[in-house]
There are 2 protein chains.
Amino acid sequence: MKRKPAVTSRDVALRAGVSQSAVSRCFSPEASISEKTRLKVLNAARELGYRPNSIARSLITRSSRTIALVLSSLDNMFYPLAVEKASQRFQAEGYHLLLFVVPESDDFPGIMDSILQSQVDGILMLSALLTSSLARECVDAGVPVVLLNRSVEFEGISQVYSDNYHGGYWAGSYLAMSGHRDIAFVAGVETSSTSRRRHEGFVDGLAAHGLVPYAVVHGNYDFDKARHETLALFARGQGPDAIFAASDHMAVAVLETLRHELRRRVPEEVAVIGFDDTPVSAWPSYALTTVRQPIDEMIEAATSLLIEQIRHGAEAADSQVLPVTPVLRHTTRRME
Amino acid sequence: MKRKPAVTSRDVALRAGVSQSAVSRCFSPEASISEKTRLKVLNAARELGYRPNSIARSLITRSSRTIALVLSSLDNMFYPLAVEKASQRFQAEGYHLLLFVVPESDDFPGIMDSILQSQVDGILMLSALLTSSLARECVDAGVPVVLLNRSVEFEGISQVYSDNYHGGYWAGSYLAMSGHRDIAFVAGVETSSTSRRRHEGFVDGLAAHGLVPYAVVHGNYDFDKARHETLALFARGQGPDAIFAASDHMAVAVLETLRHELRRRVPEEVAVIGFDDTPVSAWPSYALTTVRQPIDEMIEAATSLLIEQIRHGAEAADSQVLPVTPVLRHTTRRME
DNA sequence: ATGAAAGCGCTAACAA
DNA sequence: TTGTTAGCGCTTTCAT
């Protein structure tokens, strides 16, 4: 387990003929040190292959300069994209990223414990697993948390989300205005606030045109589950003439099932709308009409909020909601 | 920056009326301690909300129980899948994952420095950026490295890769045997050993049937670049009657371009083969014939190798090559 | 089984 | 500007 004894600042000090603290100062930007000693130290350091031990530094500064990024799956491209963007931002700010992929079924309190033990400076949550008691633990431990597209009934925690309600509303009313009457919703995970808000918006959007949903099924944000539910939707009766899915990932599953298993033409027989606007929805084979979430801006806002809160404490906790944008492509009919 | 003073083992010791080392022992599994004190300590710890500080532990044990996972992009689904799997494996072994997404253009030596400073116990490289001098630094620093689907001219570093050469060979010879004569290759990044080996295999596979490539273009593993190169392939002359792409991600770009921009029927006019077998290639709209990389097994092998090496030192360095499997779907014609 | 004491490698007062 | 000193919170001898 142990490695060969590493080169320490003392070794460098000895070799450079200066004190250990001089070496330390050499490696912290704002410390004052003469050019002469700086050079001596830097030389000795290079010769010895010295690298400051950031663990020791963290211990004393009480800051690991590390952020925990928590999510439950990477198979919806929304998440890889978010991770990539977050990684860039944090790297630019001098933070490392500790990644936790926690399947919904896992022992989440245990994971939270392990996250808190790891002394991260902040937590960026893209997963729906944070209960309010867990949230309280974070706040008690003084660890800033920002939730992305999640919500928890606990204040003092920042949240960034897109306007899921209006996205759902737009989808519902757009489909209604396009002349559809039997409009189904493929929801995400039942407990997810994101899916619930989209659902609510959708229902209200339909209601504005005197409609109620043809059916609501649960796709759990999962490809295969969405496929099965689509099949089920058409198992008896006519089936819907339009489907709104709570994510592009599920919308693609719906589309594939419609075209290749149910032999329905899209959008002529059944229209489809997704949510997210991940790259796949722009691919010509799908050309999916969808509700765009401004993912880059969302990550931008979330990281800024988190860093702000790390620097200035809990009073910086805040929430932001970003607008969504309809993207019209070819899985819906042109209105009139 | 600093947080409220955390609860330390001393606080717990005071409260429980035992020594600080007793508290420490309580939280290390193999230490000997009486049931009585254990209970006292555990109670005090709970009351105080104590959580061992893993930074301090790392400092003394010289092991952060953290692995650096380095990759250059997440937009090819191969990588998110790999990350997810790796995360599970490492989590199960009690390691944390530090994620580094390093665009090829970035200052890689600088990043390596930052990785080494962070005192990770090991590095899993899914990126092609490790030069041999950087590799030497890792070995000098005593940090085990495992390369996945990469290679570097430096020994003492473990490598895990799939049989890229035979994958390429199969693609080339299969297309030749299916009666194609003008077969193009859409390569990945020029410097990537993975793409090069696929290329070599492909060329030899054609040669076995007396063919040479119709053309070789560079898609850089990028969707848009692959699309442009596909367009270029058909810009003058007839264009190829079959295309082998070094990744599914590019193969999808090829397919989309072929069908929707060039109006070629696949596989009747042009056949397409990809590489990876990511989920997208199984989607009915593509039904992409491809060469499957056993991604789970690859990650499994790589993580095992890395953990082995962390435990038993550099002499455990080893390499493994895993077999690939052709997956016949509908972007190629049935032979004869 | 338990406690005292010695650090791990570093930063941050404080003095000089 | 520099060196001295005192820890950060923990694990790990070494006695007891």
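So you know, we letter chains A, B, ... as the sequences are listed, proteins then strands, and number each from 1. Excluded from the calculations below are hydrogen atoms, water molecules and symmetry mates; all remaining heavy atoms, backbone and side chain alike, are included.
- Residue A/S24 places no side-chain atom within donor-acceptor reach of the base of C/dA12, judged by atom type and a 3.5 Å distance cut-off alone.
- Of the N and O atoms on the side chains of A/S54 and B/Q117, not one donor lies less than 3.5 Å from an acceptor on the other residue.
- Counting any heavy atom pair closer than 4.0 Å across all strands shown, B/S21 reaches a base atom.
- If you check distances only, the side chain of A/S28 never reaches the base of C/dT11 with a donor-acceptor pair under 3.5 Å.
- In this structure, the nucleotide among D/dG3, D/dT2, C/dT2 sitting nearest to the side chain of A/S32 is D/dT2.
- Side chain to side chain, B/D121 and B/S63 meet the donor-acceptor criterion of an N or O pair below 3.5 Å.
- Counting to the nearest Å, the P atom of C/dT11 and the CD1 atom of A/I55 are 13 Å from each other.
- For B/I60 and C/dC8, the CD1 to C1' distance is 5 Å, given to the nearest whole Å.
- Both B/A56 and B/S19 lie near DNA chain C, and the one whose nearest nucleotide falls closer to the 5' end is B/S19.
- Look at CZ on B/R57: it is 17 Å from C1' on C/dG7, rounded to the nearest Å.
- Using a 4.0 Å heavy-atom cutoff across all strands shown, B/V23 reaches no nucleic acid atom at all.
- Between atom CZ of residue B/R57 and atom OG of residue B/S28 there is a gap of 7.0 Å, rounded to the nearest 0.5 Å.
- Distance from the side chain of A/N53 is smallest to C/dC10 among D/dG3, C/dC10, D/dT2.
- Across D/dT11, D/dC10, C/dA13, the shortest atom-to-atom separation from the side chain of A/R25 is found for C/dA13.
- Of the residues near DNA chain C, A/R10 and B/T37, the one whose nearest nucleotide (by heavy atom distance) lies more toward the 5' end is B/T37.
- One finds no side-chain N or O of B/S58 lying less than 4.0 angstrom from the OP1 or OP2 phosphate oxygen of D/dC10.
- Counting to the nearest Å, the C1' atom of C/dC10 and the CZ atom of A/R65 are 16 Å from each other.
- Distance B/L59 CG to D/dC8 P: 13 Å, rounded to the nearest Å.
- Residue A/Q117 contributes atom CD, which lies 12 Å from atom C1' of D/dC10 at whole-angstrom precision.
- In this structure, A/I123 and A/L116 have side chains that are in contact, with non-hydrogen atoms separated by less than 4.5 Å.
- In this structure, B/F27 atom CZ and D/dT12 atom P are separated by 16 Å, rounded to whole Å.
- Residues B/Q20 and A/I33 both approach DNA chain D. Their nearest nucleotides, taken by heavy-atom distance, put A/I33 toward the 5′ side.
- For B/S34, the side-chain atoms get nearest to C/dT2 when compared with the rest of D/dT2, C/dG3, C/dT2.
- In this structure, B/I307 and B/L305 have side chains that are not in contact, with every pair of non-hydrogen atoms separated by 4.5 Å or more.
- In the set D/dT12, C/dC10, C/dT2, C/dC10 carries the atom at the smallest distance from any side-chain atom of A/P52.
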